[in-house]
**Q** 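If you scroll down you'll find the structure; I have some questions about it.
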Amino acid sequence: MEIKLKSLKNRIIKELDEVKDAKFVADLKTKYLGRKGELATILKGLKDLTIEEKPRIGQLANEVKKELVVLFDRAEKLWHGQADEGVDFDPTLPGNRKDKGHLNPSTIVQYEIEDAFSKMGFTVYDGPQLESDYYNFTALNIPEDHPARDTQDTFWVEGKNLLRTHTSNLQIRMLEKHGAPFRGIFPGRVFRYEATDASHDHTFYQLEGLMIDKDINIGNLIATMKTLLSSVFQTDVDVRLRPGFFPFVEPGFEMDIKCLICDGDGCSVCKQSGWLELMPCGMVHPKVLEATGVDPKEYSGFAFGLGLTRMTMMKYRIDDIRLLQSGDLRFLNQF
Ligand code: FA5
């Protein structure tokens, strides 16, 4: 009897392993644990045991029964949900997309720009947001104590590291890694330790562009920026180019966009000026090329640092930058 009980248990374990649906489990349960099942038949033999055997085999029979009940419970739970799904799921019903969410408007604009630049042979790269002083400043021709550091209020962390203040850190990393010629864009999150207002956030997105090759000039830079603007706005927008200072470009420019929130009349976003700083740019400084091992006599190139979050504000006429990262569904569901 002892052998019969143990072999029954092993057989059931093996068969439960091969189960494919809830019905299979139910059939097995009836076959083995049912009133007229195999276990009941074996247990009927208890009465024929000797007085000495009865307590030991009786205890074993109880234990085996308990174990089998647990095994079947587990199998029933496992297969129950799947059987239900099979019954409830109707593949002919239309999908319910309501709760699936969607891209943040900044991401939509980012993807549009990525598409436009991919067509021009640019590759999209990502890079670290926790950065060293070297890549964020020093290699970009902004040594320690240079006043240009003060224009980018910085979140410092331990060991001369920082949360990158701009995506220009990747100019250095990419040229170090890939050398020249090079065409790439680097969208990503950047951080500034500054008070927020309608057009400034402490955490926002930039999209950097870098092109290095032989005989690249300002004409190439302007043509590329025009492509960028038309890919996002699909229509003419007023921009102005003026001199701008960034130690890692020479000459450097500021590209401003006429504020689309107030149509240039003046509002809190453009600080009543009618214009918004959008996309600084310039020809890459020879010192940056040298720092990355690229020969400035052979190669030249341009770089730009688009304020991606501000571009998104302009495209969708959003009058407060802080809404974009607020997580407020009343705002986000409009896109
Ligand atoms: C830079 O960050 C330079 N790295 C850009 C650059 C790249 C220049 C390559 C030359 C060549 P700036 O600090 O101005 O520059 O920031 C670039 C853009 O980011 C601004 O024009 C603006 O559109 C956006 N920006 C800057 N600060 C904020 C902020 N606090 N919140 C939202 N957008 C901001």
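Counting convention: from 1, in listed order, for ligands and their atoms alike. Numbers here are sequence positions counted from 1.
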**Q** ring-ring contact (aromatic ring centres under 6.0 Å, His included): which pairs involve residues 304-327, sequence neighbours left out?
**A**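 Sorted result for residues 304-327: F117-F304, Y316-F335.
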**Q** Go through the steps for F248 and H166 under the test ring-ring contact (aromatic ring centres under 6.0 Å, His included), then give the verdict.
**A** CA-CA 12 Å; F248 38 98; H166 52 180; 5.7 Å; yes
**Q** Apply ring-ring contact (aromatic ring centres under 6.0 Å, His included) to H200 and list each qualifying residue two or more places apart in sequence or on a separate chain.
**A**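 Expected list: none.
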**Q** Do L103 and Y111 have side chains that get closer than 4.5 Å, going by heavy atoms?
**A**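 The answer is yes; the side chains approach within 4.5 Å.
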**Q** Considering only heavy atoms, which protein residues lie less than 4.0 Å from any atom of ligand 1?
**A**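 Protein residues near ligand 1 are Q152, H166, S168, Q171, R192, E194, S199, H200, D201, F204, Q206, E208, F246, F248, V249, E277, L278, P280, C281, A303, F304, G305, G307, R310, I321.
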**Q** Do the ring planes of F191 and F155 sit parallel (below 30°), tilted (30 to 60°) or perpendicular (above 60°)?
**A**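 Rings of F191 and F155: perpendicular, over 60°.
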**Q** Please identify each residue that fulfils side chain to side chain donor-acceptor pair (under 3.5 Å) with D320, with sequence neighbours left out.
**A**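 Per chain and number, D320 pairs via side chain to side chain donor-acceptor pair (under 3.5 Å) with R322.
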